[in-house]
Amino acid sequence: MSFKSLGLKEALIKAVEEKGYTKPSPIQEKAIPHILEGKDILASAQTGTGKTAGFTLPVLQYLSDTKHPKYRPLRALVLTPTRELAAQVYDNVREYSKYVNIKSAVVFGGVNAKPQIATLKSGVDILVATPGRLLDLHDQKAVSFKRIDVLILDEADRMLDMGFVRDINKLISFMPEKRQNLMFSATFSKDIKKLAEGILRNPVSVETAPQNSTAKKVTHKVFKVDKNKKTEFTIKLIKDNNWNQVLIFTRTKHGANKLTEKLIKAGISAAAIHGNKSQGARTKALKNFKDNSIKILVATDIAARGLDIPLLPHVINFELPNVPEDYVHRIGRTGRAGAAGEAISLVCSEETEYQNEIEKLLNEKLKSNIVEGFEPTDTAPPKRAASQSKGSFGKKKRPGNSNSSEGNKAKRKPHFKGNKPTSTSGRGRTGAPKKKRF
Ligand code: AMP
């Protein structure tokens, strides 16, 4: 299978070849032909599978083939949960559109809105955005959605978890009824399926891995260790094994800061990445981690979403997530692109229920280990996992963890008003034939 046989044009193939892609990834093979036909897609795909090119290439083809010679309304919108993912997707869009006459832009919060407004006013074909800032810009009339032909929801599960459903529905209410919708998600909970039902019309399901399964080449290792010994144990693991590039997950921003400080004190170069860090600090930490000028990146779940960190050999769960699906996301950072990886979890007595819930989701028992000198003595009772508590729809409760939510939108109640399909007629993009476009 080649990019050409998928129906992509030369200008796009040239751009991906320059990126060093020789053949389409499985998700690209499966999704691109359907997207080119104008169909809605519900795709199960994690970061690292090549999903960004999977949706960007066919959308760029559509945009460049149907472009008005003078007029440039916004016709394609990619929504992402985090700023990092937005920046990353935008970088890809720019690279893939190098040889087609398409203008792209990115907008997200935490930075000055003025340059974003100026860019939008100058005319953009495809925009990558986080929902909150985009709504603000729409309120200020800096952008119109009246001509949107394609809506892409990237990492929809995370957007739901961060409480963005209400914002997304509001944004959609300003868009034409007739449009193509592409939804990507790493996990498929009931809530995600419900969100998909409200947005997608007769979607084609595209799957590259069994639902909620983890990459096959990842080995899971649990170390039973007391809560107050975890930092010491982490330092020992890194030093004894001489690890050079490790992503560590903590459940809270405060926990990420504390661990980072202690690692640095122990002579291990590290940086933290979470929602309280400025955009500049987050970008710098990620860059330093990628080019290996720091060994350890300590991240919270939300900040780490969508980060493109290739071939990561080790991921450490300093604390287990209380939302079991987050475990799948976390370890999606290792064992990518066919390389083997190791997912290590430090589990104290309070976290045994979290482990049970994760094992249920994975349908696999995680092997527990005890290391001499770190034998567990904690007796604190286990906390309940999020899937056991009755959280409101769209935002799972994170018991005992009020510090973990980075999306300030998380408290908003999701709603689905005005978003149910109203027409049973076939959908196509505005002004485009219903089935085949070209
Ligand atoms: P994504 O899942 O979209 O974040 O992509 C993960 C990584 O795979 C990125 O570094 C892409 O540049 C790369 N990639 C995407 N498509 C291909 C391909 N067909 N061949 C090789 N690498 C790819």
Side-chain angles (χ1 to χ4, degrees), residues 1-33 35-36 41 43-61 76 78-98 104 106 126 128 130 152-159 182-187 206-209 213-215 217-218 245 247 283 286-287 289-292 299 303-313 315 328-339 341:
M1 186 67 79
S2 67
F3 284 107
K4 197 175 172 71
S5 64
L6 292 180
L8 292 171
K9 59 204 246 182
E10 251 338 291
L12 295 167
I13 296 173
K14 191 172 166 197
V16 292
E17 278 175 356
E18 277 182 21
K19 289 270 295 168
Y21 308 172
T22 50
K23 61 180 179 49
S25 71
I27 183 88
Q28 292 161 5
E29 235 173 66
K30 287 186 182 168
I32 289 174
I35 302 175
L36 283 173
I41 293 278
S44 116
Q46 299 190 14
T47 296
T49 54
K51 68 181 162 68
T52 317
F55 63 74
T56 305
L57 293 170
V59 170
L60 285 174
Q61 176 143 322
V78 187
L79 291 176
T80 72
T82 64
R83 301 161 188 179
E84 279 79 14
L85 184 60
Q88 212 167 279
V89 169
Y90 172 59
D91 283 346
N92 283 332
V93 171
R94 260 192 9 218
E95 286 167 340
Y96 303 146
S97 59
K98 206 165 154 191
S104 54
V106 63
I126 175 167
V128 186
T130 51
I152 299 127
L153 298 177
D154 198 6
E155 306 209 342
D157 45 353
R158 179 56 48 165
M159 290 210 262
L182 315 175
M183 190 192 258
F184 291 79
S185 189
T187 52
V206 178
E207 269 186 49
T208 46
S213 78
T214 55
K217 290 199 174 176
V218 178
Q245 205 182 25
L247 180 60
T283 310
L286 182 60
K287 186 187 160 289
F289 183 61
K290 277 191 183 179
D291 68 22
N292 237 243
R305 280 292 281 176
L307 298 182
D308 178 23
I309 304 164
L311 299 178
L312 208 54
V315 165
V328 179
H329 289 305
R330 287 180 178 191
I331 66 150
R333 316 279 125 205
T334 183
R336 288 161 54 174

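Order of listing sets the numbers, starting from 1, for every ligand and every atom in it. Since this is a predicted model, take the numbers as computed values, not measurements. In what follows, every heavy atom counts, from backbone to side chain, and hydrogens, waters and symmetry copies are set aside.
Of the possible donor and acceptor atoms, none in the side chain of T52 sits under 3.5 Å from a partner among the backbone N and O of V89. When atom types are taken as modelled, the side chain of Q28 and the backbone of G50 share a donor-acceptor pair closer than 3.5 angstrom. With hydrogens and angles ignored, the 3.5 Å screen pairs a side-chain donor or acceptor of Q245 with a backbone N or O of F289.
When all heavy atoms of L57 and I32 are compared, the closest pair comes out as CD1-CD1, 4.4 Å.
At a heavy-atom distance under 4.0 Å, only side-chain atoms of F3, from C-beta outward, approach ligand 1.
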What side-chain donor-acceptor pairs closer than 3.5 Å can you find for residues 8-16, not counting sequence neighbours?
| residue | atom | partner | partner atom | Å |
| --- | --- | --- | --- | --- |
| K9 | NZ | S64 | OG | 2.9 |
| K9 | NZ | D65 | OD1 | 2.7 |

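Among the atoms of G50, some N or O lies under 3.5 angstrom from an N or O of ligand 1. Residue T49 has at least one N or O atom closer than 3.5 Å to an N or O atom of ligand 1. At least one N or O atom of T52 sits closer than 3.5 Å to an N or O atom of ligand 1. Of the N or O atoms in Y21, one or more lie within a sub-3.5 Å distance of an N or O in ligand 1. Of the polar atoms of K23, at least one N or O is found under 3.5 Å from an N or O of ligand 1, judged by distance alone.
Close contacts of ligand 1 with S25, meaning ligand atoms under 4.0 Å from a residue heavy atom, involve 19 (N).
Listed by chain and residue number, nothing satisfies the ring pair (Phe, Tyr, Trp, His ring centres under 6.0 Å) test with Y90 (two or more places apart in sequence, or in another chain).
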